[in-house]
Amino acid sequence: MKKITSPSLPVVLLVLLLTGAVFGHYISDWYADQELEQYRLARHHLRQILIGVENYYEKYQALPYHPAGPGHALYLLKDYVEIENFVGLADGRETVSPAWDDTEKTILNSGWYYWNTENAGIYQHRRILLASKSATQSYQTVLLGFRGGLTIGEVFNGHPGRSLLGNYFTSDGFFTASMPLFIQWEGMSVPDGVSGSSTSWDRKLRYIKADDGSIRIDYHYREGRLAERELVFGKYQISEAVQTDEFGRLAKVEIKPDNWKELWEDFLDQRLATQ
């Protein structure tokens, strides 16, 4: 009778490792798909909330605000937004369903933080009104300003949603809590007429060019955070050394050379003269 030999321990371990690697790959893909679906659903909900905010503003010429708190402010959108759009998501599953409390005139179990402010200021279309209370592994969805500039964007996880409310969001995708810094940064953004841009996958460097090739703006990253922005136009170059805070927001910008304002104004004048 032929003796059946059992596989050796190293062989068994190798088979188990290979099997685990295969299943781990499929599990990883499944979680990635779930996260993407969760992100897409959050964006859909935010679009519906956006429509409600805009319709509310059209009627009252103001954002929803209530001195009793953000829940009462969101209740003002009851006639403009279906309640299911305020649902929160966590690990691909819906949390407790939101509901309108008609007695207390508030919303219950909202999945979103809301910036309940009586005066959003002149740059309200570039300020964050809502942020998701829960975030996926890679994204946290936020709703930015409204009317003539509202966009829905993603923030790398690690930014507490509540900390982003009221922050400014620049046209090239950075946050800052400082209005003077926002104005300064936007004053040197890409002029109107940009027709192309490219972003590397690792976010180490991005190039943006104006449509006539008159300017190039380079973004330099260090350890995943913006460290410098360079504007190159003609024979001139303006360098902005950037410091960020613990949330990755623009906190301080040092500009060189000292006569950068003169150079930038000359560039804008020349560009205007050729249009």
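Note that this is a predicted model, so its numbers are computed, not measured. Sequence positions, counted from 1, serve as the residue numbers for this chain.
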Under the ring pair (Phe, Tyr, Trp, His ring centres under 6.0 Å) rule, collect the residues that match up with [X], sequence neighbours excluded.
X: Tyr114; result: none
X: Tyr65; result: none
X: Tyr123; result: Phe182
X: Tyr80; result: Tyr56

Minimum heavy-atom separation for [X] and [Y], please, with both atom names.
X: Ile107; Y: Tyr75; answer: N-CB, 4.4 Å
X: Ala73; Y: Pro64; answer: O-CB, 3.5 Å
X: Asn116; Y: Pro70; answer: ND2-N, 3.7 Å
X: Pro257; Y: Gln237; answer: CD-O, 3.6 Å

Taking [Y]'s backbone N and O only, do any of them form a donor-acceptor pair with [X]'s side chain (distance below 3.5 Å, no angle check)?
X: Arg229; Y: Trp185; answer: yes
X: Asp245; Y: Gly248; answer: yes
X: Lys256; Y: Glu240; answer: no

Would you please test Ile49 and Trp112 for side-chain contact (heavy atoms from CB on, under 4.5 Å) and show each step?
-> CA-CA 11 Å; Ile49 296 174; Trp112 306 94; 4.2 Å; yes
Distance only, no hydrogens: is a donor on one side chain within 3.5 Å (strictly under) of an acceptor on the other, for Arg127 and Asn167?
->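 There is no such pair (donor and acceptor under 3.5 Å, judged by atom type) between the side chains of Arg127 and Asn167.
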To the nearest 0.5 angstrom, please state how far the [atom1] atom of [X] sits from the [atom2] atom of [Y].
X: Leu41; Y: Asn85; atom1: CG; atom2: CG; value: 9.0 Å
X: Ile217; Y: Glu230; atom1: CD1; atom2: CD; value: 11.0 Å
X: Thr170; Y: Leu250; atom1: OG1; atom2: CG; value: 6.5 Å
X: Leu74; Y: Tyr113; atom1: CG; atom2: OH; value: 13.0 Å
X: Leu164; Y: Phe175; atom1: CG; atom2: CZ; value: 5.0 Å
X: Ile128; Y: Leu165; atom1: CD1; atom2: CG; value: 7.5 Å

Listed by chain and number, what are the side chain to side chain contact (heavy atoms under 4.5 Å, CB included) partners of [X], not counting sequence neighbours?
X: Ala227; result: Arg222
X: Glu84; result: Glu82
X: Thr106; result: His72, Asp101, Glu104, Leu108

[X]: partners by salt bridge (Lys or Arg N to Asp or Glu O under 4.0 Å), with sequence neighbours left out:
X: Glu254; result: Lys252
X: Lys78; result: Asp102
X: Asp266; result: none

Check: Trp260 ring centre within less than 6.0 Å of Phe267 ring centre =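 Between Phe267 and Trp260, which both carry aromatic rings, the centre distance is not below 6.0 Å.
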Side-chain touch Leu77/Val53, heavy atoms, less than 4.5 angstrom |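 Yes. Closest side-chain heavy atoms under 4.5 Å.
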Is the shortest heavy-atom distance from the side chain of Ile255 to the side chain of Val253 under 4.5 Å?
->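 Yes. Closest side-chain heavy atoms under 4.5 Å.
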So Phe86 and Asn109, side-chain contact (heavy atoms from CB on, under 4.5 Å) or not? Walk me through it.
-> CA-CA 8 Å; Phe86 290 97; Asn109 308 317; over 6 Å; no
Group every Ile, Leu, Val, Met, Phe, Trp and Tyr by side-chain heavy-atom contacts under 4.5 Å, then state whether [X] and [Y] land in the same group.
X: Val232; Y: Tyr221; answer: no
X: Ile51; Y: Leu63; answer: no
X: Leu268; Y: Leu263; answer: yes

Qualifying residues under side-chain hydrogen bond (donor to acceptor under 3.5 Å, both in side chains), relative to Thr244, sequence neighbours excluded =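 Here the qualifying residues are Arg225.
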Quick one: list whatever passes side-chain hydrogen bond (donor to acceptor under 3.5 Å, both in side chains) with Ser239, sequence neighbours left out.
->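 So Ser239 forms a side-chain hydrogen bond (donor to acceptor under 3.5 Å, both in side chains) with Glu228.
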Does a sphere of radius 6.0 Å around CG in Asp258 hold more than 12 heavy atoms from other residues, nucleotides or ligands, not counting ones at 6.0 Å or beyond?
->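 Open.
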Verdict with supporting geometry, Val87 and His45, side-chain contact (heavy atoms from CB on, under 4.5 Å) | CA-CA 8 Å; Val87 70; His45 290 323; 3.4 Å; yes
Do NZ/NE/NH1/NH2 and the carboxylate oxygens of Arg216 and Asp218 come within less than 4.0 Å?
->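 Here Arg216 pairs with Asp218 in a salt bridge, since their nearest N and O are under 4.0 Å apart.
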side-chain contact (heavy atoms from CB on, under 4.5 Å) assessment of Tyr236 paired with Leu231 | CA-CA 8 Å; Tyr236 301 112; Leu231 300 91; over 6 Å; no
In terms of ring plane angle, is the pair Trp264 and Phe233 parallel, tilted or perpendicular, where the classes change at 30° and 60°?
->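 The rings of Trp264 and Phe233 stand perpendicular, inter-plane angle above 60°.
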